Amino acid sequence: RRLLLEHARLHRDGACAVVGREVQVDTLAEYEAVRDHPQKGRQLHPETRKQLSWLYFLTGNASVVRETLVELGGFDEAFTGYGHEDLELGYRLRKHGVPIRYNPHAINYHWHPVGFEEKCQKMRLAGLSTVRFYLKHRDFRIQLALGWNPFSLAMHRLLYRYPIIVQLLHRMSTRSRLASELLLQYHYLCGLREGMRTLASPMVEA
């Protein structure tokens with residue numbers, strides 16, 4: 001109920017962006033339990049954290065002074081698929097000297113059931129967006145933060161060459177958290193490779 005008030009409270013202390021606590025819930029019962037006992041909800045950051053990097057500028061619960069947003073050009077509409085239009089804006093905010101402050105008392109609840117196949121598709125699109133993000137700024141720290149490195153690309157090459165492993169992960173994904181996470185990463189790296197071919201050509205694949 002105090003979501004907007006908590007965002008506004010931090011903005012009164014000076015120019016900044018504010019990210020609140022977004023609580024992911026899977027059921028109405030879980031929402032009611034966390035609403036009544038917020039400390040029991042899943043937390044991405046400790047309550048003592050004061051500032052965040054651009055990597056956590058997630059706009060499911062974020063605010064920026066309008067004048068600052070206009071000055072920076074708002075969201076980049078070149079990000080037409082899924083992923084990173086918020087992180088890229090956060091990157092520009094930090095580069096512009098705007099701190100990203102964290103307020104754990106600005107709480108909202110997010111319920112968005114997504115099937116596993118849709119998650120895989122989103123991860124592929126996120127890989128494409130990672131390439132678009134990097135090409136815009138050419139900052140190796142973007143690659144580092146978003147898992148674009150020789151080790152991850154080598155893992156993708158291995159899985160791509162042996163599709164039987166990918167098939168096995170698919171079969172295991174319904175009962176193994178590790179298998180599902182590896183499969184999501186595989187699809188993310190498929191998108192990354194696709195972006196390197198189509199958006200960044202010619203680009204040397206590190």
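When a residue number appears, it is its place in the shown sequence, counting from 1. Remember, it's a predicted structure, so these values are computed and weren't measured experimentally.
- Within the 4.5 Å cutoff, the side chain of I100 has no heavy atoms near those of the Q51 side chain.
- Of all heavy-atom pairs spanning M172 and A179, the tightest one is CB-CB, 3.7 Å.
- Here the side chain of T198 pairs a donor or acceptor atom with the backbone of E194 at under 3.5 angstrom.
- In this structure, E71 and H96 have side chains that are in contact, with non-hydrogen atoms separated by less than 4.5 Å.
- Connectivity analysis of hydrophobic side chains (ILVMFWY, heavy atoms under 4.5 Å, direct or indirect) links L10 to V18.
- With hydrophobic clusters built from ILVMFWY side chains whose heavy atoms lie under 4.5 angstrom apart, V34 does not share a cluster with L3.
- Taken from CD in Q185 to CE in M123, the straight-line distance is 5.0 Å, to the nearest 0.5 Å.
- Side chain to side chain, D139 and Y91 meet the donor-acceptor criterion of an N or O pair below 3.5 Å.
- The side-chain heavy atoms of L87 and L146, taken from C-beta on, include a pair separated by under 4.5 Å.
- Side-chain N/O atoms of H137 and E88 include a donor and acceptor closer than 3.5 Å.
- In this structure, Y31 OH and D36 CG are separated by 8.5 Å, a value rounded to the nearest 0.5 Å.
- Using a distance-only test at 3.5 Å, with no hydrogens or angles considered, a donor-acceptor pair links the side chain of N108 to the main chain of G60.
- Under the 4.5 Å side-chain heavy-atom criterion for ILVMFWY residues, a single connected hydrophobic cluster contains both L44 and V19.
- In terms of heavy atoms, K122 sits closest to V114 at NZ-CG2, 4.2 Å.
- Listed for the N103 side chain is no donor-acceptor partner under 3.5 Å among the backbone atoms of G20.
- Salt bridge present: E6 and R9 bring a charged side-chain N and a carboxylate O closer than 4.0 Å.
- Atom NZ of K119 is surrounded by 12 or fewer heavy atoms from other residues, nucleotides or ligands within 6.0 Å.
- The CD1 atom of I142 sits 9.5 Å away from atom OG1 of T130, with the distance rounded to the nearest 0.5 Å.
- Here the options are L183, I164, L184, the test is side chain to side chain contact (heavy atoms under 4.5 Å, CB included), and the partner is L169; only L183 passes.
- Placement of Y134 and F75 within a single hydrophobic cluster is found when ILVMFWY residues are connected by side-chain heavy-atom separations under 4.5 Å, directly or transitively.
- Residues Y82 and S129 fail the side-chain proximity criterion, which asks for heavy atoms closer than 4.5 Å.
- For the pair R124 and Y188, the minimum side-chain heavy-atom distance is 4.5 Å or more.
- Considering all non-hydrogen atoms of both residues, H11 and C16 come closest at CE1-O, 3.3 Å.
- A side-chain donor-acceptor contact under 3.5 Å links S180 to the backbone of R177.
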Subject >> Full working for ring pair (Phe, Tyr, Trp, His ring centres under 6.0 Å) between W54 and F133 >> reply: CA-CA 12 Å; W54 57 263; F133 187 177; 5.4 Å; yes
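- Cluster membership check: F140 does not share its hydrophobic cluster with L199, using side-chain heavy-atom separations under 4.5 Å among Ile, Leu, Val, Met, Phe, Trp and Tyr.
- Without hydrogens or angle criteria, R66 side chain to V70 main chain gives no donor-acceptor distance under 3.5 Å.
- Side-chain contact between Y109 and R35 is present, with at least one heavy-atom pair separated by less than 4.5 Å.
- Note: the hydrophobic cluster containing L4 does not contain V65 (ILVMFWY, side chain heavy atoms under 4.5 Å, direct or indirect links).
- At a threshold of 4.5 Å between non-hydrogen side-chain atoms, the residues L168 and R171 count as touching.
- With hydrogens and angles ignored, the 3.5 Å screen pairs no side-chain donor or acceptor of T59 with any backbone N or O of D86.
- Counting all heavy atoms, side chain and backbone alike, F57 lies closest to L93 at CZ-CD1, 3.7 Å.
- Rounded to the nearest 0.5 angstrom, L55 CG and R141 CZ are separated by 12.5 Å.
- Across all non-hydrogen atoms, the minimal contact from G147 to S152 is O-OG, 2.8 Å.
- Separation of atoms CG (L72) and OG1 (T68) is listed at 6.5 Å; rounding is to 0.5 Å.
- Ring centroid separation for the pair H156 and Y186 comes in under the 6.0 Å cut-off.
- Contact check for H110 versus V23: no side-chain heavy atoms found under the 4.5 Å cut-off.
- The CG atom of L189 sits 8.5 Å away from the CG atom of L159 when rounded to the nearest 0.5 Å.
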